2 protein chains.
Amino acid sequence: MTPSARPSSKKDIRRENEKLILEAAEKVFAEAGFGGATMQLIADMAGLPKANLHYYFPTKESLYRRVVQNIFHDWLMAADVFDAAPGPVEGLGAYIDAKMEISRRHPAGSKVWASEVMHRAPVIQDYLETTLVEWTEGRMAVVRRWIDEGKMDPIDPRHLLYMLWATTQHYADFGHQIETLNGGQPLSDTQWEAAKHSVKTVILKGIGARPSG
Amino acid sequence: MTPSARPSSKKDIRRENEKLILEAAEKVFAEAGFGGATMQLIADMAGLPKANLHYYFPTKESLYRRVVQNIFHDWLMAADVFDAAPGPVEGLGAYIDAKMEISRRHPAGSKVWASEVMHRAPVIQDYLETTLVEWTEGRMAVVRRWIDEGKMDPIDPRHLLYMLWATTQHYADFGHQIETLNGGQPLSDTQWEAAKHSVKTVILKGIGARPSG
DNA sequence: GATCAACCTGACCATATGGTCAGGATAAGA
DNA sequence: TCTTATCCTGACCATATGGTCAGGTTGATC
(Lines give C-alpha, C1' and ligand atoms only; values in the text may rest on other atoms or scores of the structure.)
Protein backbone atom coordinates (compact mmCIF):
# COMPACT_ATOMS: atom_id res chain seq x y z
CA MET A 1 0.00 0.00 0.00
CA THR A 2 2.25 2.84 -1.14
CA PRO A 3 0.28 5.88 -0.01
CA SER A 4 0.48 8.21 -2.96
CA ALA A 5 3.22 6.94 -5.23
CA ARG A 6 2.13 8.75 -8.38
CA PRO A 7 3.97 7.17 -11.26
CA SER A 8 4.75 10.26 -13.24
CA SER A 9 6.42 8.85 -16.31
CA LYS A 10 4.22 7.82 -19.21
CA LYS A 11 5.94 4.48 -19.42
CA ASP A 12 5.46 3.89 -15.72
CA ILE A 13 1.80 4.68 -16.06
CA ARG A 14 1.40 2.09 -18.77
CA ARG A 15 3.34 -0.54 -16.90
CA GLU A 16 1.50 0.14 -13.68
CA ASN A 17 -1.95 0.12 -15.21
CA GLU A 18 -1.36 -2.99 -17.26
CA LYS A 19 -0.20 -4.70 -14.10
CA LEU A 20 -3.27 -3.57 -12.16
CA ILE A 21 -5.56 -4.75 -14.92
CA LEU A 22 -3.84 -8.09 -15.41
CA GLU A 23 -3.89 -8.85 -11.69
CA ALA A 24 -7.55 -7.96 -11.38
CA ALA A 25 -8.38 -9.89 -14.52
CA GLU A 26 -6.65 -13.01 -13.28
CA LYS A 27 -8.69 -12.98 -10.12
CA VAL A 28 -11.99 -12.31 -11.83
CA PHE A 29 -11.43 -14.86 -14.57
CA ALA A 30 -10.47 -17.40 -11.93
CA GLU A 31 -13.56 -16.79 -9.85
CA ALA A 32 -16.16 -16.39 -12.57
CA GLY A 33 -14.71 -18.10 -15.62
CA PHE A 34 -14.30 -16.36 -18.95
CA GLY A 35 -18.01 -16.23 -19.66
CA GLY A 36 -18.96 -15.14 -16.17
CA ALA A 37 -16.33 -12.45 -15.89
CA THR A 38 -17.32 -8.92 -16.82
CA MET A 39 -15.10 -6.08 -17.89
CA GLN A 40 -16.93 -3.88 -15.42
CA LEU A 41 -16.00 -6.13 -12.52
CA ILE A 42 -12.38 -6.27 -13.59
CA ALA A 43 -12.36 -2.52 -13.95
CA ASP A 44 -13.81 -2.03 -10.48
CA MET A 45 -11.28 -4.41 -8.97
CA ALA A 46 -8.45 -2.63 -10.74
CA GLY A 47 -9.82 0.73 -9.63
CA LEU A 48 -10.08 2.04 -13.19
CA PRO A 49 -12.98 3.07 -15.39
CA LYS A 50 -14.09 0.38 -17.79
CA ALA A 51 -13.27 2.44 -20.85
CA ASN A 52 -9.71 2.58 -19.63
CA LEU A 53 -9.41 -1.20 -19.82
CA HIS A 54 -10.40 -1.03 -23.44
CA TYR A 55 -7.70 1.52 -24.01
CA TYR A 56 -5.05 -1.00 -22.96
CA PHE A 57 -6.80 -4.17 -24.06
CA PRO A 58 -9.13 -3.71 -27.02
CA THR A 59 -11.28 -6.74 -26.29
CA LYS A 60 -12.10 -9.08 -23.46
CA GLU A 61 -10.44 -11.88 -25.40
CA SER A 62 -7.19 -9.98 -25.80
CA LEU A 63 -7.07 -9.37 -22.07
CA TYR A 64 -7.84 -12.98 -21.32
CA ARG A 65 -5.20 -14.11 -23.77
CA ARG A 66 -2.53 -12.10 -22.01
CA VAL A 67 -3.55 -13.49 -18.64
CA VAL A 68 -3.34 -17.06 -19.87
CA GLN A 69 -0.03 -16.50 -21.62
CA ASN A 70 1.50 -15.13 -18.43
CA ILE A 71 0.30 -18.14 -16.50
CA PHE A 72 1.63 -20.54 -19.08
CA HIS A 73 4.98 -18.86 -18.75
CA ASP A 74 5.12 -19.38 -14.99
CA TRP A 75 3.95 -22.92 -15.49
CA LEU A 76 6.95 -23.76 -17.66
CA MET A 77 9.43 -21.91 -15.47
CA ALA A 78 8.53 -24.14 -12.54
CA ALA A 79 10.44 -26.97 -14.11
CA ASP A 80 13.86 -25.44 -14.34
CA VAL A 81 14.62 -27.38 -11.19
CA PHE A 82 13.93 -30.54 -13.11
CA ASP A 83 16.80 -30.85 -15.51
CA ALA A 84 19.92 -30.26 -13.50
CA ALA A 85 18.98 -32.73 -10.79
CA PRO A 86 21.08 -35.87 -10.45
CA GLY A 87 18.07 -38.11 -9.87
CA PRO A 88 14.34 -38.36 -9.21
CA VAL A 89 14.57 -37.73 -5.48
CA GLU A 90 16.08 -34.31 -6.00
CA GLY A 91 14.46 -33.50 -9.34
CA LEU A 92 10.92 -34.59 -8.71
CA GLY A 93 11.08 -33.53 -5.08
CA ALA A 94 12.03 -30.01 -6.08
CA TYR A 95 9.44 -29.98 -8.85
CA ILE A 96 6.70 -30.98 -6.46
CA ASP A 97 7.82 -28.30 -4.02
CA ALA A 98 7.84 -25.70 -6.77
CA LYS A 99 4.41 -26.59 -8.08
CA MET A 100 2.91 -26.78 -4.60
CA GLU A 101 4.30 -23.34 -3.95
CA ILE A 102 2.64 -22.03 -7.09
CA SER A 103 -0.63 -23.59 -6.02
CA ARG A 104 -0.31 -21.83 -2.72
CA ARG A 105 0.83 -18.43 -3.95
CA HIS A 106 -1.02 -18.16 -7.23
CA PRO A 107 -4.17 -20.22 -6.98
CA ALA A 108 -6.02 -17.86 -9.29
CA GLY A 109 -3.54 -18.45 -12.07
CA SER A 110 -3.84 -22.18 -11.69
CA LYS A 111 -7.61 -21.96 -11.88
CA VAL A 112 -7.57 -19.87 -15.01
CA TRP A 113 -5.25 -22.38 -16.60
CA ALA A 114 -7.46 -25.28 -15.56
CA SER A 115 -10.51 -23.52 -16.86
CA GLU A 116 -8.85 -22.77 -20.17
CA VAL A 117 -7.83 -26.39 -20.66
CA MET A 118 -11.20 -27.73 -19.51
CA HIS A 119 -12.88 -25.61 -22.16
CA ARG A 120 -10.68 -27.15 -24.82
CA ALA A 121 -8.03 -24.44 -24.78
CA PRO A 122 -9.76 -21.98 -27.12
CA VAL A 123 -7.00 -19.42 -26.88
CA ILE A 124 -3.78 -21.34 -26.20
CA GLN A 125 -4.25 -24.49 -28.23
CA ASP A 126 -1.27 -23.53 -30.38
CA TYR A 127 0.94 -23.32 -27.31
CA LEU A 128 -0.21 -26.73 -26.16
CA GLU A 129 0.64 -28.22 -29.53
CA THR A 130 4.08 -26.67 -29.73
CA THR A 131 5.69 -25.48 -26.51
CA LEU A 132 3.95 -27.86 -24.13
CA VAL A 133 4.54 -30.86 -26.38
CA GLU A 134 8.25 -30.05 -26.60
CA TRP A 135 8.50 -29.39 -22.90
CA THR A 136 6.81 -32.66 -22.10
CA GLU A 137 9.01 -34.65 -24.47
CA GLY A 138 12.06 -33.16 -22.79
CA ARG A 139 10.99 -34.10 -19.27
CA MET A 140 9.94 -37.57 -20.34
CA ALA A 141 13.40 -38.06 -21.72
CA VAL A 142 14.86 -37.11 -18.37
CA VAL A 143 12.62 -39.59 -16.58
CA ARG A 144 13.51 -42.32 -19.04
CA ARG A 145 17.17 -41.65 -18.41
CA TRP A 146 16.63 -42.04 -14.69
CA ILE A 147 14.85 -45.30 -15.35
CA ASP A 148 17.65 -46.55 -17.58
CA GLU A 149 20.17 -45.61 -14.93
CA GLY A 150 18.25 -47.69 -12.43
CA LYS A 151 17.35 -44.69 -10.29
CA MET A 152 13.64 -45.47 -10.29
CA ASP A 153 11.09 -48.07 -11.38
CA PRO A 154 10.00 -48.23 -15.02
CA ILE A 155 6.93 -46.05 -14.64
CA ASP A 156 5.41 -44.62 -17.81
CA PRO A 157 6.86 -41.08 -17.78
CA ARG A 158 3.75 -39.63 -19.36
CA HIS A 159 1.44 -40.81 -16.62
CA LEU A 160 3.97 -39.88 -13.99
CA LEU A 161 3.93 -36.30 -15.24
CA TYR A 162 0.13 -36.29 -15.20
CA MET A 163 0.17 -37.47 -11.61
CA LEU A 164 2.56 -34.70 -10.66
CA TRP A 165 0.46 -32.03 -12.34
CA ALA A 166 -2.78 -33.43 -10.98
CA THR A 167 -1.71 -33.79 -7.36
CA THR A 168 -0.01 -30.42 -7.07
CA GLN A 169 -2.53 -28.32 -9.00
CA HIS A 170 -5.36 -29.95 -7.10
CA TYR A 171 -4.41 -27.89 -4.07
CA ALA A 172 -5.10 -24.70 -6.04
CA ASP A 173 -7.96 -25.72 -8.31
CA PHE A 174 -9.89 -27.52 -5.58
CA GLY A 175 -8.64 -25.28 -2.82
CA HIS A 176 -12.16 -24.35 -1.87
CA GLN A 177 -13.14 -27.97 -1.35
CA ILE A 178 -10.00 -28.60 0.66
CA GLU A 179 -10.71 -25.54 2.75
CA THR A 180 -14.26 -26.70 3.39
CA LEU A 181 -12.97 -30.11 4.45
CA ASN A 182 -10.57 -28.31 6.74
CA GLY A 183 -13.39 -26.81 8.75
CA GLY A 184 -13.63 -23.76 6.54
CA GLN A 185 -10.09 -22.72 7.32
CA PRO A 186 -7.29 -22.25 4.79
CA LEU A 187 -4.44 -24.67 5.28
CA SER A 188 -1.94 -23.48 7.84
CA ASP A 189 1.80 -23.44 7.23
CA THR A 190 2.06 -26.76 9.00
CA GLN A 191 -0.71 -28.26 6.94
CA TRP A 192 0.89 -27.10 3.72
CA GLU A 193 4.10 -28.76 4.81
CA ALA A 194 2.18 -31.93 5.58
CA ALA A 195 0.57 -31.80 2.15
CA LYS A 196 3.90 -31.41 0.39
CA HIS A 197 5.39 -34.15 2.51
CA SER A 198 2.55 -36.56 1.80
CA VAL A 199 2.67 -35.98 -1.94
CA LYS A 200 6.43 -36.35 -2.09
CA THR A 201 6.47 -39.40 0.14
CA VAL A 202 3.84 -41.30 -1.79
CA ILE A 203 5.10 -40.45 -5.26
CA LEU A 204 8.81 -40.89 -4.62
CA LYS A 205 8.24 -44.18 -2.86
CA GLY A 206 5.63 -45.12 -5.45
CA ILE A 207 8.09 -44.86 -8.31
CA GLY A 208 10.80 -46.62 -6.34
CA ALA A 209 13.09 -43.59 -6.40
CA ARG A 210 16.53 -44.51 -5.13
CA PRO A 211 18.54 -41.68 -3.59
CA SER A 212 21.46 -40.94 -5.87
CA GLY A 213 24.55 -40.27 -4.00
CA MET B 1 -31.13 -43.55 -32.63
CA THR B 2 -34.61 -44.94 -32.13
CA PRO B 3 -36.31 -43.79 -35.32
CA SER B 4 -39.73 -42.69 -34.18
CA ALA B 5 -40.27 -43.91 -30.64
CA ARG B 6 -42.99 -41.46 -29.68
CA PRO B 7 -43.39 -41.62 -25.93
CA SER B 8 -47.11 -41.23 -25.67
CA SER B 9 -47.68 -41.13 -21.94
CA LYS B 10 -47.53 -37.79 -20.23
CA LYS B 11 -45.19 -39.16 -17.59
CA ASP B 12 -42.90 -40.60 -20.23
CA ILE B 13 -42.80 -37.28 -21.99
CA ARG B 14 -41.71 -35.54 -18.85
CA ARG B 15 -39.10 -38.14 -18.01
CA GLU B 16 -37.77 -38.18 -21.54
CA ASN B 17 -37.57 -34.41 -21.93
CA GLU B 18 -35.97 -33.86 -18.56
CA LYS B 19 -33.39 -36.43 -19.51
CA LEU B 20 -32.71 -34.78 -22.85
CA ILE B 21 -32.37 -31.40 -21.23
CA LEU B 22 -30.14 -32.59 -18.40
CA GLU B 23 -27.80 -34.41 -20.76
CA ALA B 24 -27.53 -31.44 -23.07
CA ALA B 25 -27.07 -29.09 -20.14
CA GLU B 26 -24.27 -31.19 -18.67
CA LYS B 27 -22.36 -31.02 -21.93
CA VAL B 28 -22.88 -27.33 -22.49
CA PHE B 29 -22.06 -26.37 -18.90
CA ALA B 30 -18.94 -28.51 -19.13
CA GLU B 31 -17.76 -26.91 -22.34
CA ALA B 32 -18.67 -23.31 -21.69
CA GLY B 33 -18.92 -22.98 -17.91
CA PHE B 34 -22.00 -21.65 -16.19
CA GLY B 35 -21.50 -18.11 -17.39
CA GLY B 36 -20.65 -19.07 -20.93
CA ALA B 37 -23.49 -21.52 -21.34
CA THR B 38 -26.70 -20.21 -22.88
CA MET B 39 -30.18 -21.63 -22.57
CA GLN B 40 -30.52 -21.34 -26.34
CA LEU B 41 -27.52 -23.59 -26.92
CA ILE B 42 -28.77 -26.16 -24.44
CA ALA B 43 -32.17 -26.06 -26.08
CA ASP B 44 -30.69 -26.59 -29.54
CA MET B 45 -28.59 -29.48 -28.33
CA ALA B 46 -31.62 -31.05 -26.67
CA GLY B 47 -33.66 -30.45 -29.79
CA LEU B 48 -36.32 -28.45 -27.97
CA PRO B 49 -37.46 -24.85 -28.13
CA LYS B 50 -35.94 -22.64 -25.50
CA ALA B 51 -39.29 -21.82 -23.93
CA ASN B 52 -39.75 -25.51 -23.33
CA LEU B 53 -36.65 -25.62 -21.13
CA HIS B 54 -38.15 -22.94 -18.98
CA TYR B 55 -41.26 -25.01 -18.66
CA TYR B 56 -39.29 -27.80 -16.99
CA PHE B 57 -36.62 -25.70 -15.33
CA PRO B 58 -37.77 -22.19 -14.42
CA THR B 59 -34.30 -20.68 -14.35
CA LYS B 60 -30.80 -21.36 -15.62
CA GLU B 61 -29.70 -21.78 -12.02
CA SER B 62 -32.32 -24.40 -11.25
CA LEU B 63 -31.21 -26.41 -14.28
CA TYR B 64 -27.58 -26.09 -13.31
CA ARG B 65 -28.37 -27.08 -9.76
CA ARG B 66 -29.99 -30.31 -10.89
CA VAL B 67 -27.02 -31.11 -13.11
CA VAL B 68 -24.57 -30.62 -10.29
CA GLN B 69 -26.66 -32.59 -7.81
CA ASN B 70 -26.79 -35.55 -10.18
CA ILE B 71 -23.04 -35.44 -10.59
CA PHE B 72 -22.47 -35.23 -6.88
CA HIS B 73 -24.62 -38.32 -6.48
CA ASP B 74 -22.51 -40.34 -8.92
CA TRP B 75 -19.40 -39.02 -7.25
CA LEU B 76 -20.42 -40.48 -3.89
CA MET B 77 -21.65 -43.76 -5.35
CA ALA B 78 -18.21 -44.44 -6.76
CA ALA B 79 -16.96 -45.25 -3.31
CA ASP B 80 -19.24 -48.11 -2.39
CA VAL B 81 -16.35 -50.34 -3.38
CA PHE B 82 -14.32 -48.71 -0.67
CA ASP B 83 -15.86 -49.96 2.55
CA ALA B 84 -16.26 -53.68 2.13
CA ALA B 85 -12.69 -54.22 0.99
CA PRO B 86 -10.36 -56.15 3.29
CA GLY B 87 -7.43 -53.83 2.66
CA PRO B 88 -5.98 -50.95 0.65
CA VAL B 89 -4.93 -53.05 -2.32
CA GLU B 90 -8.47 -54.14 -3.02
CA GLY B 91 -10.24 -51.07 -1.69
CA LEU B 92 -8.13 -48.32 -3.18
CA GLY B 93 -7.49 -50.34 -6.32
CA ALA B 94 -11.19 -50.68 -6.95
CA TYR B 95 -11.80 -47.05 -6.08
CA ILE B 96 -9.18 -45.89 -8.56
CA ASP B 97 -10.68 -48.14 -11.22
CA ALA B 98 -14.15 -46.79 -10.52
CA LYS B 99 -13.10 -43.16 -10.62
CA MET B 100 -11.01 -43.65 -13.75
CA GLU B 101 -14.03 -45.22 -15.39
CA ILE B 102 -16.13 -42.20 -14.47
CA SER B 103 -13.49 -39.91 -15.93
CA ARG B 104 -13.61 -41.91 -19.12
CA ARG B 105 -17.36 -42.31 -19.44
CA HIS B 106 -18.60 -39.05 -18.00
CA PRO B 107 -15.90 -36.43 -18.52
CA ALA B 108 -18.50 -33.69 -18.86
CA GLY B 109 -19.86 -34.39 -15.40
CA SER B 110 -16.41 -34.28 -13.90
CA LYS B 111 -15.74 -30.95 -15.56
CA VAL B 112 -18.94 -29.42 -14.30
CA TRP B 113 -18.07 -30.55 -10.82
CA ALA B 114 -14.56 -29.15 -11.09
CA SER B 115 -15.89 -25.88 -12.38
CA GLU B 116 -18.42 -25.64 -9.59
CA VAL B 117 -15.77 -26.21 -6.92
CA MET B 118 -13.27 -23.88 -8.59
CA HIS B 119 -15.84 -21.11 -8.47
CA ARG B 120 -16.27 -21.62 -4.74
CA ALA B 121 -19.26 -23.96 -4.99
CA PRO B 122 -21.96 -21.32 -5.29
CA VAL B 123 -24.76 -23.87 -5.54
CA ILE B 124 -23.60 -26.94 -3.63
CA GLN B 125 -21.68 -25.45 -0.75
CA ASP B 126 -24.23 -26.92 1.67
CA TYR B 127 -23.59 -30.41 0.30
CA LEU B 128 -19.86 -29.94 0.68
CA GLU B 129 -20.29 -28.94 4.30
CA THR B 130 -22.58 -31.80 5.19
CA THR B 131 -22.58 -34.85 2.92
CA LEU B 132 -19.04 -34.53 1.63
CA VAL B 133 -17.60 -33.86 5.07
CA GLU B 134 -19.32 -36.93 6.49
CA TRP B 135 -18.32 -39.04 3.54
CA THR B 136 -14.72 -37.96 3.87
CA GLU B 137 -14.62 -38.62 7.59
CA GLY B 138 -15.92 -42.12 6.94
CA ARG B 139 -13.27 -42.97 4.38
CA MET B 140 -10.51 -41.47 6.46
CA ALA B 141 -11.57 -43.75 9.28
CA VAL B 142 -11.25 -46.75 6.98
CA VAL B 143 -7.78 -45.69 5.92
CA ARG B 144 -6.75 -45.16 9.54
CA ARG B 145 -7.96 -48.63 10.37
CA TRP B 146 -5.84 -50.07 7.59
CA ILE B 147 -2.87 -48.16 8.94
CA ASP B 148 -3.52 -49.41 12.46
CA GLU B 149 -3.76 -52.94 11.17
CA GLY B 150 -0.39 -52.55 9.51
CA LYS B 151 -1.77 -52.90 6.04
CA MET B 152 -0.19 -49.69 4.76
CA ASP B 153 2.21 -46.94 5.77
CA PRO B 154 1.01 -44.14 8.04
CA ILE B 155 0.09 -41.71 5.28
CA ASP B 156 -2.18 -38.80 6.19
CA PRO B 157 -5.59 -40.12 5.02
CA ARG B 158 -6.73 -36.65 4.05
CA HIS B 159 -3.93 -36.05 1.61
CA LEU B 160 -4.19 -39.58 0.32
CA LEU B 161 -7.82 -38.95 -0.61
CA TYR B 162 -6.86 -35.71 -2.32
CA MET B 163 -4.25 -37.56 -4.35
CA LEU B 164 -6.81 -40.14 -5.40
CA TRP B 165 -9.32 -37.50 -6.46
CA ALA B 166 -6.70 -35.41 -8.19
CA THR B 167 -5.05 -38.17 -10.20
CA THR B 168 -8.24 -39.83 -11.38
CA GLN B 169 -10.27 -36.72 -12.16
CA HIS B 170 -7.32 -35.23 -13.98
CA TYR B 171 -7.97 -37.61 -16.85
CA ALA B 172 -11.41 -36.07 -17.33
CA ASP B 173 -10.83 -32.44 -16.42
CA PHE B 174 -7.58 -32.14 -18.36
CA GLY B 175 -8.60 -34.64 -21.00
CA HIS B 176 -8.09 -32.12 -23.73
CA GLN B 177 -4.51 -31.48 -22.68
CA ILE B 178 -3.86 -35.20 -22.45
CA GLU B 179 -5.38 -35.70 -25.87
CA THR B 180 -3.20 -32.97 -27.33
CA LEU B 181 -0.12 -34.55 -25.80
CA ASN B 182 -1.24 -37.83 -27.32
CA GLY B 183 -0.93 -36.46 -30.83
CA GLY B 184 -4.47 -35.14 -30.86
CA GLN B 185 -5.92 -38.61 -30.40
CA PRO B 186 -8.15 -39.72 -27.52
CA LEU B 187 -6.57 -42.38 -25.38
CA SER B 188 -7.08 -45.87 -26.75
CA ASP B 189 -8.34 -48.79 -24.67
CA THR B 190 -4.75 -49.87 -24.16
CA GLN B 191 -3.68 -46.41 -23.10
CA TRP B 192 -6.51 -46.15 -20.61
CA GLU B 193 -5.42 -49.45 -19.13
CA ALA B 194 -1.88 -48.14 -18.93
CA ALA B 195 -3.11 -45.01 -17.20
CA LYS B 196 -5.07 -46.98 -14.61
CA HIS B 197 -2.14 -49.30 -14.11
CA SER B 198 0.33 -46.47 -13.61
CA VAL B 199 -1.87 -44.68 -11.12
CA LYS B 200 -2.56 -47.82 -9.12
CA THR B 201 1.04 -48.97 -9.21
CA VAL B 202 2.48 -45.69 -7.97
CA ILE B 203 -0.11 -45.02 -5.31
CA LEU B 204 -0.37 -48.52 -3.90
CA LYS B 205 3.38 -48.87 -3.75
CA GLY B 206 3.69 -45.30 -2.54
CA ILE B 207 1.57 -45.95 0.53
CA GLY B 208 3.29 -49.27 1.17
CA ALA B 209 0.09 -51.23 0.71
CA ARG B 210 0.57 -54.82 1.76
CA PRO B 211 -1.69 -57.37 0.10
CA SER B 212 -4.07 -58.74 2.69
CA GLY B 213 -4.42 -62.48 2.58
C1' DG C 1 5.84 27.44 -23.73
C1' DA C 2 4.15 25.39 -27.69
C1' DT C 3 3.24 21.24 -30.03
C1' DC C 4 2.24 16.54 -30.01
C1' DA C 5 1.46 11.95 -28.77
C1' DA C 6 -0.13 9.27 -25.26
C1' DC C 7 -3.52 8.76 -21.79
C1' DC C 8 -8.21 9.10 -19.89
C1' DT C 9 -13.39 8.73 -19.46
C1' DG C 10 -18.58 9.75 -19.27
C1' DA C 11 -22.00 8.88 -22.21
C1' DC C 12 -23.69 6.12 -25.52
C1' DC C 13 -24.98 2.03 -28.66
C1' DA C 14 -25.98 -2.67 -30.52
C1' DT C 15 -26.63 -7.06 -29.28
C1' DA C 16 -27.24 -11.24 -26.70
C1' DT C 17 -29.52 -13.47 -23.25
C1' DG C 18 -32.51 -14.97 -19.37
C1' DG C 19 -36.97 -15.00 -18.69
C1' DT C 20 -42.30 -14.22 -19.59
C1' DC C 21 -46.79 -15.03 -21.45
C1' DA C 22 -50.95 -15.74 -23.98
C1' DG C 23 -52.88 -18.97 -26.47
C1' DG C 24 -52.84 -23.51 -28.67
C1' DA C 25 -52.26 -28.74 -28.64
C1' DT C 26 -52.70 -33.15 -26.35
C1' DA C 27 -53.21 -37.01 -23.18
C1' DA C 28 -55.90 -38.44 -18.93
C1' DG C 29 -59.98 -39.26 -16.70
C1' DA C 30 -65.07 -39.28 -15.98
C1' DT D 1 -67.81 -36.95 -25.51
C1' DC D 2 -66.59 -33.46 -22.55
C1' DT D 3 -63.50 -31.43 -19.10
C1' DT D 4 -59.29 -30.70 -17.16
C1' DA D 5 -54.51 -30.76 -16.26
C1' DT D 6 -50.38 -30.99 -18.51
C1' DC D 7 -47.50 -29.88 -22.16
C1' DC D 8 -45.81 -26.78 -25.79
C1' DT D 9 -44.06 -22.53 -28.19
C1' DG D 10 -43.62 -18.16 -31.14
C1' DA D 11 -43.29 -13.71 -30.00
C1' DC D 12 -41.96 -10.54 -26.89
C1' DC D 13 -39.50 -7.79 -23.06
C1' DA D 14 -36.02 -5.93 -19.75
C1' DT D 15 -31.52 -5.95 -18.75
C1' DA D 16 -26.64 -6.67 -18.85
C1' DT D 17 -22.60 -6.39 -21.23
C1' DG D 18 -18.87 -5.77 -24.67
C1' DG D 19 -17.44 -2.27 -27.14
C1' DT D 20 -17.18 2.77 -29.23
C1' DC D 21 -16.17 7.59 -29.42
C1' DA D 22 -15.74 12.49 -29.04
C1' DG D 23 -13.60 15.45 -26.39
C1' DG D 24 -10.59 16.45 -22.52
C1' DT D 25 -6.11 16.00 -19.72
C1' DT D 26 -1.25 15.31 -19.14
C1' DG D 27 3.53 14.13 -19.65
C1' DA D 28 7.25 14.33 -23.32
C1' DT D 29 10.05 16.82 -26.68
C1' DC D 30 12.27 20.69 -28.78
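Just so it is clear, the structure is predicted and the values come from calculations on it, not from any experiment. Per chain, numbering begins at 1; letters A, B, ... match sequence-line order.
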More 5' along DNA chain D: B:Y55 or A:T38, using each one's nearest nucleotide? B:Y55
Can you confirm if the aromatic rings of A:W165 and B:Y171 lie within a centre distance of less than 6.0 Å? no
Send over the distance from A:E16 CD to C:dA6 C1', rounded to a whole Å. 17 Å
State plainly whether the residues A:K27 and A:E23 are in salt-bridge range, i.e. N to O under 4.0 Å. no
To the nearest Å, how far apart are B:F57 CZ and C:dT20 P? 15 Å
Verdict with supporting geometry, B:E193 and B:K196, salt bridge (charged side-chain N to carboxylate O under 4.0 Å, His left out): CA-CA 5 Å; B:E193 285 309 311; B:K196 279 200 236 176; 3.7 Å; yes
B:R15 CZ to D:dC7 C1': how many Å, rounded? 16 Å
Out of C:dC7, C:dG19, C:dT9, which has the shortest distance to the side chain of A:R14? C:dC7
Once hydrogens and angles are ignored, does a donor-acceptor distance under 3.5 Å link the base of C:dT26 to the side chain of B:K10? yes
Using atom NE2 of A:H54 as one end and atom C1' of C:dG10 as the other, report the distance to the nearest whole Å. 15 Å
B:Q125-A:H176 side chain donor-acceptor pair, cut-off 3.5 Å: yes
Among D:dT9, C:dG19, C:dC7, which is the nearest nucleotide to the side chain of A:Y56? C:dC7
Between C1' of D:dT17 and CZ of A:F34, the distance in whole Å: 12 Å
Identify whether any heavy atom of A:A43 sits under 4.0 Å from a base atom; if not, whether one sits that close to sugar-phosphate; answer base, sugar-phosphate or nothing. nothing
Quick one: on DNA chain C, does B:M39 or B:K11 contact a more 5' nucleotide (nearest heavy atom)? B:M39
Is it the case that D:dT9 (base atoms only) and B:K50 (side chain only) share a donor and an acceptor within less than 3.5 Å, ignoring hydrogens and angles? no
Side-chain N or O of B:N17 versus OP1/OP2 of D:dC8: is the shortest distance under 4.0 Å? yes
Nearest to the B:T59 side chain among C:dT9, C:dT20, C:dG19, which nucleotide is it? C:dG19
What's the closest nucleotide to the side chain of B:A51 if the choices are C:dC21, D:dA28, D:dC8? C:dC21
Atom CD of A:E18 and atom C1' of C:dC8 are separated, to the nearest Å, by 15 Å
So if I take every side-chain heavy atom of B:S9 and compare against C:dG18, C:dT9, C:dA28, which nucleotide ends up nearest? C:dA28
To the nearest Å, give me how far apart CG (B:N52) and P (C:dG23) are. 20 Å
Nucleotide C:dA11, atom P - distance to CD of A:Q40 in whole Å: 13 Å
Presence of salt bridge, A:R66 and A:E18, under 4.0 angstrom: yes
